[in-house]
Novice: 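Would you mind keeping the following structure in view while I ask a few things?
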There are 2 protein chains.
Amino acid sequence: MAKQNTSCNLQQCREIEQTCAVFNLRKASRVVTQLYEEMMKPAGILPTQFTLLVVTRALGPVSISRMAEVLVMDRTTLTRNLKPLEREGLLSVRPGKDDKRSREVSLTSQGLKKLEQTLPLWKEAQRRIKKAVGVSRLDRMLDDLTAVVDATWAS
Amino acid sequence: MAKQNTSCNLQQCREIEQTCAVFNLRKASRVVTQLYEEMMKPAGILPTQFTLLVVTRALGPVSISRMAEVLVMDRTTLTRNLKPLEREGLLSVRPGKDDKRSREVSLTSQGLKKLEQTLPLWKEAQRRIKKAVGVSRLDRMLDDLTAVVDATWAS
DNA sequence: CAATAAAAAGTGTATATACACATATCATGG
DNA sequence: CCATGATATGTGTATATACACTTTTTATTG
């Protein structure tokens, strides 16, 4: 009897592709990021950057650490991601008032303008993906994604 | 009457955070990637790299373009992502036999060994996330992620 | 108050991602 | 057979991501 490889045979590798959480999450992220990038191109902003503007608007002047916490993102990643937006004058990052260690991120008037300009494009992207996968499925997935973040973060 | 900002007010920005597909997908990707990275650390391999080994095993000797297609990843991204694995001797990338333009990716014996070594760690990571969010929810999410990829890719 | 621990942030390095552009090879029609 | 378009890949550049390490400032404690 020819002995099959017991571990990591073809069948098993196919199963991994289908069931691996990180692979499928990253794959979906790539695809959806592409869609939003395409839609937001007229505004000259990337979806990741749009997110930073939105969060800055929501949190008001906010420290980098606090913002990273909300984004569930490494602090140093955020520091670098702020750079292009700072350069474009959409955000300002200034020394904190009370605590000289901290720096506070604020939306500039240009940043607000960009936000307003991008909003309809974001809405159109949301409409597209809703239409493509269905509202109920999308809502369910958003709910599940939040659950995954909360549960994984906690563990 | 003090006029509120009609667009991009605080309330709206909070709603964007909660409903934005790309933001929530990327956030979940970050968190889950961290978990798998942590679990796979003993094997000295990153989850993204583990995925490439799995796909190479599943597809056998395969061209870069074909592999990128399966991964739903830009071809040039794959080219770069193969580099560390090639350097480590886990994959080989050699000129194609028939078509001199193409290059074929294969798993080396070291690569197979690494795959077998990492598999139990991957399983443990899968177990962890299943336990954290529940099997039914995870299965449902994987299903939805696939649907999103298919639907978005098509549109 | 001085020493020391804790907190906030930045930098060096490495990987992941994709677009625009360039190069090499293959296929096809005259 | 050769010109031309299609195909397979690589490179330059830019952003996204996080870890290890460092620096600066604040808080704690003896």
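Proteins come first, then strands; the chains are lettered A, B, ... in the order of their sequence lines, and each starts at number 1. Because only heavy atoms are used, hydrogens play no part in the values below, and waters and symmetry mates are left out as well, while side chains stay in.
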Novice: Step by step, would you call B/Glu37 with B/Leu46 a side-chain contact (heavy atoms from CB on, under 4.5 Å)?
Specialist: CA-CA 6 Å; B/Glu37 225 173 280; B/Leu46 298 171; 3.6 Å; yes
Novice: Chain A on DNA chain C: first and last contacting nucleotide, 5' to 3', under 4.0 Å to a heavy atom?
Specialist: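 Boundary nucleotides touching chain A, in 5' to 3' order, are C/dA6 to C/dC19.
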Novice: Kindly say whether B/Glu17 contributes a backbone atom to a donor-acceptor pair with the side chain of B/Asn24 at under 3.5 angstrom?
Specialist: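 Yes, B/Asn24 side chain to B/Glu17 backbone: donor-acceptor pair under 3.5 Å.
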Novice: Does anything in residues 17-34 of chain A reach DNA chain C, meaning a heavy atom under 4.0 Å, and if so which residues?
Specialist: A/Arg26, A/Arg30, A/Gln34
Novice: Quick one: CD1 on B/Ile16 to OG1 on A/Thr118, what's the gap to the nearest 0.5 Å?
Specialist: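 Between B/Ile16 CD1 and A/Thr118 OG1, I get 10.0 Å after rounding to 0.5 Å.
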Novice: Is a side-chain N or O of A/Gln126 found less than 3.5 angstrom from the main chain of A/Trp122, in a donor-acceptor match?
Specialist: no
Novice: Pick the nucleotide of DNA chain D nearest each of A/Pro47 and B/Val62; which residue has the one closer to the 5' end?
Specialist: B/Val62
Novice: Any Lys/Arg nitrogen of B/Arg137 or A/Asp143 sitting under 4.0 Å from an Asp/Glu carboxylate oxygen of the other?
Specialist: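 Looking at A/Asp143 together with B/Arg137, the answer is yes, because their closest N to O distance falls below 4.0 Å.
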Novice: What string of B, S and - do you get for nucleotides 21-26 of chain D 5' to 3' if you count protein non-hydrogen atoms under 4.0 Å?
Specialist: ---BBS
Novice: Which parts of residues 77-90 of chain B get close to DNA chain D, meaning a heavy atom less than 4.0 angstrom away?
Specialist: B/Thr79, B/Arg80
Novice: Determine, stepwise, if the pair A/Gln49 / A/Leu90 fulfils side-chain contact (heavy atoms from CB on, under 4.5 Å).
Specialist: CA-CA 10 Å; A/Gln49 299 178 338; A/Leu90 305 178; over 6 Å; no
Novice: Which residue pairs satisfy the salt bridge (Lys or Arg N to Asp or Glu O under 4.0 Å) criterion with at least one member in residues 58-82 of chain A, sequence neighbours excluded?
Specialist: A/Arg66-A/Glu69
Novice: Please determine whether a side-chain nitrogen of the Lys or Arg among A/Arg128 and A/Glu124 lies less than 4.0 Å from a carboxylate oxygen of the Asp or Glu.
Specialist: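 Looking at A/Arg128 and A/Glu124, the cut-off is met.
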Novice: Output the distance between atom CD (A/Glu116) and atom CZ (A/Arg57), rounded to the nearest 0.5 Å.
Specialist: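 Reported to 0.5 Å precision, the distance equals 8.0 Å.
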Novice: Under 4.0 Å between a side-chain nitrogen and a carboxylate oxygen: does that hold for B/Lys83 and B/Glu86?
Specialist: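 The answer is no: the pair does not qualify as a salt bridge.
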Novice: I'd like to check the side-chain hydrogen bond (donor to acceptor under 3.5 Å, both in side chains) partners of A/Arg14; sequence neighbours left out, ordered by chain and number.
Specialist: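 Testing A/Arg14 for side-chain hydrogen bond (donor to acceptor under 3.5 Å, both in side chains), a comparison that skips the adjacent residues, returns none.
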Novice: I'd like to know if the side chain of A/Ser63 pairs up with that of A/Ser102 as donor and acceptor (distance under 3.5 Å, no hydrogens or angles considered).
Specialist: no
